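Just so we're clear, the structure is a prediction, and the values are computed from it rather than from any experiment. Chain letters run A, B, ... following the sequence lines, proteins first and then strands; every chain starts at 1.
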Amino acid sequence: MAARYDRAITVFSPDGHLFQVEYAQEAVKKGSTAVGIRGKDIVVLGVEKKSVAKLQEERTVRKICALDDHVCMAFAGLTADARIVINRARVECQSHRLTVEDPVTVEYITRHIATLKQRYTQSNGRRPFGISALIVGFDYDGTPRLYQTDPSGTYHAWKANAIGRSAKTVREFLEKNYTDESIATDNEAIKLAIKALLEVVQSGGKNIELAVIRRNQPLKLLESKEIETLVAEIEKEKEEEAEKKKQKKST
Amino acid sequence: MALSSVLQSESADFSFNNDRSFSFGCGLGQTDLGFGAAPGDRLNFSIKASLGPDDEDGPERKIEFLHGTTTLAFKFQHGVIVAVDSRATAGAYIASQTVKKVIEINPYLLGTMAGGAADCSFWERLLARQCRVYELRNKERISVAAASKLLANMVYQYKGMGLSMGTMVCGWDKRGPGLYYVDSEGNRVCGDLFAVGSGSMYAYGVVDSGLRQDLSVEEACELGRRAIYQATYRDAYSGGQVNLYHVHSEGWTRVSQEDVLKLHHQYQEQKK
């Protein structure tokens, strides 16, 4: 039944599905995990870094990209599709600055990306973009924002979210652990992102790439040393928690 | 017959006065009432050079241009004052004394009219539509900078095609009071004080001598009113009534509409 309705995507299936869009969402689920967290004065993006081949230079594939000084995004899915979307978004950020004489709000650029994606679900001969994006940043009034888009062209605002492989596991972790205390300071928010990624990433800090935007500051990618330090802190805290639990049990 | 020969002979003047876009001039209108065609008439046209004298002069020259006007706007600590006259002339004929030269784009944005009345009102109504769509899409009011930029970009596409529009976009947004001068040449300038039209020089004289940043609302209104009055006193192409608006943080308010003759008597009394 499904096979007859996925050649031209402009066609609905009898039970109301757009199968190409759903297949695009499957492609997203195969991509490496990305997590986004909205703190009080900071927004954090973390991605799972795929291990590179021996001869490959490490830093050529970046999954976290700045769209403007105050907005950046991470994606999960087809890297080539993401490049197109990112390019269009960057141009739109500057066009907005030119016509409106103001930087974009995070919601505006998310809406633009989502509209772009939706257009590709309703044209002839084109397939949808195979990416989901997490867009973070600060509006010019200082409010931090996190939005997620998906291949169908919908977007929602989130306090914390994950996309890509094992996104469900990470999201459940975040639902349990995202509290006002856990994001009370910048450092705590960053550690929460790392903890969330450690749930699904295999070999610890080496395979995590982290970026933060603080209010009125541009995007900053954390160096691997800083990530290692934070991972070590998290491990220590975990051990202390485990110790406390043991003591509670024995008393 | 007589009319067409007059028009031909006037075409030499027409190109001469081209560079003065907004200082002098009036549309021809219906001066073929008989007396309008006298050779001594100063029929100045400030249409753009692209409309050569050989083009069909008839329909072009029937357009009523409001270069004979005085409009002014200035910023002060409590917002923006917008003051305009209300006379429309066609040659030496006063076509109307009650023209509305302030266009209410939306409850917090005003535009003034100088140049072609149709051009001004059409493009500013189009701007109002764009501003409303922006407001709906972005859930916040458009800034004065963005609104004036939209207008400037819209008319720039028609540059050289004969649009005649010199407008001041005035409003209050989150950056405070905003005042931009936009015209059909593609100029878009931010400023604290603008006067546009044939009477602008007289108005500038009055406002320049009386403008301080710490004016109260009444003082600023009186300054604007006085400036327009003085311009109508000396400029033949300005007159009628003085329409005064005040733009503040809550939007714009129509302050007053006063006949120039009444103001004249009032100021005469004050002198005594």
(request) Would you check if there is a donor-acceptor pair between the side chains of B/T69 and B/R87 at a distance under 3.5 Å? (result) no

(message) Give the interface residues of residues 215-224 of chain B toward chain A, defined by a heavy-atom separation under 4.5 Å.
(response) none

(message) Consider salt bridge (Lys or Arg N to Asp or Glu O under 4.0 Å). Of A/K117, A/R88, A/R127, A/R126, which one does A/D81 pass it with?
(response) A/R127

(request) Check each atom of B/R175 against the heavy atoms of chain A and say whether the ones under 4.5 Å are side chain, backbone, both or neither. (result) side chain

(request) Compare every heavy atom of A/I37 with every heavy atom of A/A189, then report the nearest pair and how far apart it is. (result) O-CD1, 4.2 Å

(message) Parallel, tilted or perpendicular: which one describes the rings of A/H112 and A/Y108, with boundaries at 30° and 60°?
(response) parallel

(request) State whether a side-chain donor-acceptor pair under 3.5 Å links B/K101 with B/T112. (result) no

(message) With side chain to side chain contact (heavy atoms under 4.5 Å, CB included) as the test, pick out the partner of A/V71 among A/D139, A/I135, A/T105.
(response) A/I135

(request) Could you list which of residues 145-152 of chain B have a heavy atom closer than 4.5 Å to any heavy atom of chain A, in residue-number order? (result) B/A145, B/A146, B/K149

(message) Could you check whether A/Q94 and A/R90, counting side-chain N and O atoms only, form a donor-acceptor pair closer than 3.5 Å?
(response) no

(request) Verify the distance criterion only: is there a donor paired with an acceptor across the side chains of B/N138 and A/R111 at less than 3.5 Å? (result) yes

(message) Looking only at side-chain N and O atoms, does A/Q118 offer a donor or acceptor that is under 3.5 Å from a partner on A/S152?
(response) no

(request) State whether a side-chain donor-acceptor pair under 3.5 Å links A/Q25 with A/D150. (result) yes

